[in-house]
Amino acid sequence: MSRFLSPQAPSPGNMANLSHPSEFILLGFSPLGELRILLYGPFLVLYLLAFIGNTVIIVMVFVDTHLHTPMYFFLGNFSLLEILVTMTAVPRMLSDLLASHRVISFTGCMVQFYFYFSLGSTSFLILSDMALDRFVAICHPLRYGTLMSGAVCARLAGAAWATPFLAMVPTVLSRVHLSYCHGNIINHFFCDNAPLLQLSCSDTRLLESWDFVMALAFVLSSFLVTLVSYGYIVSTVLHIPSASGRRKAFSTCGSHLTLVFIGYSSTIFLYVLPGKAHSVEVNKTVALVTSVLTPFLNPFILTLRNETFKAVLRGQMQRLKGLLQAL
């Protein structure tokens with residue numbers, strides 16, 4: 001492994017080995033020294049609360065017939081994605097906070113890269129599906145049952161899941177075939193795009209252009225769908241004569257708009273520009289917020305002002321309490 005850390009120029013005889021290191025070292029929070037151990041407790045608590053909160057949403061949507069609607073169907077998908085995205089990076093980050101040898105294999109790094117960005121892209125497509133659902137519900141209420149039938153929702157969700165996983169295959173294969181001759185230390189807590197490109201001595205301009213196309217395809221296009229949908233929603237709601245009707249219509253969109261703002265603002269900052277454009281330290285900080293803090297907050301954002309969900313949750317808690325008392 002030391003040959004990858006050596007500052008000396010590689011000889012022609014070992015260039016092939018340098019192009020594909022067997023493992024990467026995740027620098028993570030090493031600059032903090034022993035203080036990084038103090039981060040383990042708070043990060044673990046946030047991760048577990050995020051897991052529990054999103055799991056509760058999924059279970060409630062699955063078991064209660066009052067939540068068997070398109071809005072909650074997409075909400076359940078989004079909560080599942082929050083769990084899966086955090087699972088690709090956070091457990092590894094937590095273990096590395098306590099470890100002295102923070103190594104990930106080359107294959108493991110590529111697998112983590114694939115699932116992190118595939119699941120993340122799916123999240124944005126689900127957010128745009130949620131925006132379409134609100135658009136149809138508010139702007140075309142009489143046709144809502146037809147336009148957002150179970151079959152339509154299943155197709156929308158299926159496309160949102162399948163498309164990124166297929167599109168990310170060439171992206172990952174391109175990283176596999178890069179030459180990594182600038183060392184094997186990744187200045188991040190997971191295999192993110194920018195730190196990987198910084199280790200490569202290959203010409204990455206074409207890859208960065210492809211990354212930008214992918215960002216347009218998944219992030220900016222879904223953001224445009226969301227923006228247009230809410231433009232029509234606002235126009236429709238403003239024509240509702242009663243103030244209570246306007247408040248009710250806007251209340252169903254408030255939590256989704258909050259998710260849109262948090263998700264798109266951080267991702268556009270991190271990934272829409274080519275991979276080497278940002279400071280890795282800044283990227284690491286923003287990625288930490290989106291990987292740990294945002295998944296923890298999302299269950300509260302999604303349910304805090306949702307009276308239907310809160311009523312269902314109270315009902316299920318009362319039912320569970322009754323079952324426990326009967327035992």
Side-chain angles (χ1 to χ4, degrees), residues 49-85 122-161 226 229-230 232-233 236-237 240 242-260 262-263 294-327:
L49 289 176
F51 181 85
I52 293 170
N54 284 292
T55 300
V56 167
I57 291 176
I58 295 170
V59 172
M60 291 298 102
V61 170
F62 183 77
V63 302
D64 198 288
T65 55
H66 294 94
L67 302 182
H68 290 177
T69 64
M71 182 175 77
Y72 293 105
F73 170 73
F74 292 124
L75 179 57
N77 274 264
F78 186 80
S79 293
L80 177 59
L81 285 162
E82 287 288 89
I83 292 174
L84 295 176
V85 170
T122 300
S123 297
F124 289 108
L125 296 181
I126 291 294
L127 280 175
S128 66
D129 288 344
M130 294 167 72
L132 283 173
D133 171 67
R134 292 298 84 205
F135 162 71
V136 177
I138 293 174
C139 300
H140 302 283
L142 298 179
R143 302 174 61 196
Y144 182 68
T146 302
L147 295 176
M148 297 302 294
S149 65
V152 171
C153 291
R155 284 196 290 269
L156 286 172
W161 281 86
T226 302
S229 296
Y230 274 100
Y232 281 106
I233 288 171
T236 301
V237 171
I240 296 176
S242 67
S244 61
R246 289 194 295 270
R247 281 195 302 270
K248 182 178 180 181
F250 278 129
S251 68
T252 64
C253 303
S255 59
H256 180 246
L257 281 174
T258 305
L259 293 179
V260 166
I262 294 174
T294 303
F296 161 72
L297 292 175
N298 282 348
F300 298 99
I301 294 171
L302 291 167
T303 62
L304 193 61
R305 298 181 61 185
N306 191 317
E307 295 301 327
T308 302
F309 188 90
K310 288 192 289 187
V312 166
L313 184 59
R314 284 193 295 266
Q316 293 295 334
M317 294 297 291
Q318 288 294 328
R319 182 180 300 177
L320 180 61
K321 182 179 179 181
L323 290 174
L324 293 175
Q325 289 175 344
L327 296 175

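Checked by atom type and distance alone, the side chain of N54 pairs as donor or acceptor with a backbone atom of A50 at under 3.5 Å. Between the S123 side chain and the L81 main chain, no donor and acceptor come within less than 3.5 Å of each other. A donor-acceptor pair is defined here as one N or O able to donate and one able to accept, closer than 3.5 Å; no such pair exists between the side chain of H66 and the backbone of F309.
In summary, the aromatic rings of Y230 and H256 are positioned with their centroids under 6.0 Å apart.
Contact check for W161 versus L80: side-chain heavy atoms found under the 4.5 Å cut-off. A 4.5 Å side-chain heavy-atom check between F74 and L156 finds at least one atom pair inside the cut-off. Looking at V136 and R143, their side chains never come closer than 4.5 Å, going by heavy atoms from C-beta outward. Here the side chains of M148 and F135 are not in contact, with every heavy-atom distance at 4.5 Å or above.
Going from atom CZ of F73 over to atom CG of D129 covers 9.0 Å, rounded to the nearest 0.5 Å. A distance of 11.5 Å separates CG in L257 from CD1 in I301, rounded to the nearest 0.5 Å. With values rounded to the nearest 0.5 angstrom, M60 atom CE is found 15.5 Å from K310 atom NZ. The CG atom of L75 sits 5.5 Å away from atom CE of M130, with the distance rounded to the nearest 0.5 Å. Between L297 atom CG and I262 atom CD1 the span is 6.5 Å, to the nearest 0.5 Å. Atoms CG and OG, from L84 and S79 in turn, are 11.0 Å apart once rounded to the nearest 0.5 Å.
Heavy atoms only, all atoms of each residue included: G76 and I58 are closest at O-CG1, 3.8 Å. Contact between L302 and L259 at its shortest, heavy atoms only, is CD2-CD1, 3.0 Å. Nearest heavy atoms, P299 versus P295: CD-O, 3.0 Å. The shortest non-hydrogen separation linking L127 to T226 is O-OG1, 4.2 Å. Between S229 and A131, the closest heavy-atom pair is CB-O, 3.8 Å.
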Quiz item: Passes side chain to side chain contact (heavy atoms under 4.5 Å, CB included), M71 versus N306? Steps please.
Solution: CA-CA 12 Å; M71 182 175 77; N306 191 317; 4.2 Å; yes
Practice problem: Give the C-alpha distance, both sets of side-chain angles, the deciding distance and a yes or no for side chain to side chain donor-acceptor pair (under 3.5 Å) between Y72 and N77. | Solution: CA-CA 8 Å; Y72 293 105; N77 274 264; over 6 Å; no
Self-check item: Criterion side chain to side chain contact (heavy atoms under 4.5 Å, CB included) on Y144 and D133, from CA distance to verdict
Solution: CA-CA 9 Å; Y144 182 68; D133 171 67; 2.5 Å; yes
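Residues N298 and E82 bring a donor and an acceptor atom of their side chains to less than 3.5 Å of each other.
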